[in-house]
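Accompanying notes for the structure given below.
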Protein chains: 2
Amino acid sequence: MNQDERNRLAEEVLSNPRNQREEVQALQDTIYVIGGKWKLPIINSICNGNRRFREIERSIPGITTRMLSRELKDMEANKLVKRTVTPTSPVTVEYSPTDYCYSFADIILHMIKWGKDHRERLKER
Amino acid sequence: MNQDERNRLAEEVLSNPRNQREEVQALQDTIYVIGGKWKLPIINSICNGNRRFREIERSIPGITTRMLSRELKDMEANKLVKRTVTPTSPVTVEYSPTDYCYSFADIILHMIKWGKDHRERLKER
DNA sequence: GTTACCAGTATCATAGAGTATACCAGCAAT
DNA sequence: ATTGCTGGTATACTCTATGATACTGGTAAC
């Protein structure tokens, strides 16, 4: 992201000093939806093409079956993912991203970038 | 953020499918640093020009003195903010953002934008 | 018939994130 | 002398997000 682009976004997003309250609100709303340790990694995994439960599970080191199950339910309720069951035998379950889910792409990309830069910075010492 | 810009960022950040692990790592590192309910609102507040303890506190509805105190200590230890004491009487304490702190600007801007868009979406129903 | 994969659920335990409330010393203004 | 500001601490409590472990019912492969 270059400075021009950042300025444009800042101008679009940040209104005037008076609306700081509104901005904090917006920030906290977002944190509420994608907060916690696993939601963003899950969104990222599904947006990266993982669809099946175990596939998603394996793609996220450290997550437990229980947490994945809970988060996916939560995210399905919030229309972040779509759960499709195909009645093969045994049943095939697929999770797919919604448009809503993709609306976090920018945030996730920036967070991945930050994390990578962070590692680099640590290495340099 | 337009599609071109997004593609450029995606290309820069997302390597190839083989490095999904690394991406999850990067994402989780970032979540670890700015996770929780208050860190991002605090960073945002300080980057917006708030400097004094009570000033920051008042700018973030709902936060308690204790949480702000804890988080600021944590963030100072992690070089996210700088604490300056001026020996006036009584002493004046100022918190100021470091460059490191500003490196979250993009993420915060996008999260504020997401939160605002989210509210709009809810209104429309 | 044993092992392994799928998509989960059930149960129990726990650290630590977050809340509530009160309090402190130093100073200024009324 | 009382109220209110500053920059916090202290104590006690709740609660929920997360972790660990085990289990299930169906299927297929060896």
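Sequence lines set the chain letters: A, B, ... in the order given, protein chains first and strands last, and positions in each chain run from 1. Because only heavy atoms are used, hydrogens play no part in the values below, and waters and symmetry mates are left out as well, while side chains stay in. Computed from a predicted model, the values in this text were never measured in an experiment.
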Please report, rounded to the nearest Å, how far the [atom2] atom of [N] is from the [atom1] atom of [X].
X: E55(A); N: dC5(C); atom1: CD; atom2: P; value: 15 Å
X: E57(A); N: dA20(D); atom1: CD; atom2: C1'; value: 14 Å
X: I42(A); N: dA17(D); atom1: CD1; atom2: P; value: 14 Å
X: R83(B); N: dG8(D); atom1: CZ; atom2: P; value: 4 Å
X: E94(A); N: dG8(C); atom1: CD; atom2: C1'; value: 16 Å
X: I60(B); N: dT19(C); atom1: CD1; atom2: P; value: 12 Å
X: K37(B); N: dG16(C); atom1: NZ; atom2: P; value: 19 Å
X: D74(A); N: dT18(D); atom1: CG; atom2: C1'; value: 14 Å

Do the side-chain N or O atoms of R51(B) get closer than 4.0 angstrom to the phosphate oxygens (OP1, OP2) of dT6(D)? no
Is the phosphate of dT16(D), meaning OP1 or OP2, less than 4.0 Å from a side-chain N or O of R70(A)? no
Side chain of P90(A), heavy atoms from C-beta onward: which of dT18(D), dT27(D), dT6(D) has the nearest atom to it? dT27(D)
Side chain of V93(B) only, heavy atoms from C-beta on: which candidate in dT18(D), dG8(D), dG8(C) is closest? dG8(D)
Of the residues in residues 61-69 of chain A, which ones touch DNA chain C at a heavy-atom distance under 4.0 Å? T65(A), R66(A), S69(A)
Would W114(A) and H118(A) count as a close aromatic pair, with their ring centres under 6.0 Å? yes
Does a donor on one side chain and an acceptor on the other come within less than 3.5 Å for R51(B) and Y95(B)? no
Short side-chain to backbone donor-acceptor contact, T30(B) and M111(A), under 3.5 Å: yes
If you count the non-hydrogen atoms of other residues, nucleotides and ligands that lie under 6.0 Å from CG in D99(B), is the total more than 12? no
More than 12 heavy atoms of other groups within 6.0 Å of Y102(A) OH: yes
Base, sugar-phosphate alone, or nothing: which one does K73(A) contact when heavy atoms must sit under 4.0 Å apart? sugar-phosphate
Minimal non-hydrogen separation, S59(B) against V24(A), with atom names: O-CG2, 3.7 Å
Under the side-chain hydrogen bond (donor to acceptor under 3.5 Å, both in side chains) test against D117(A), which residue among K113(A), R119(A), R121(A) passes? K113(A)
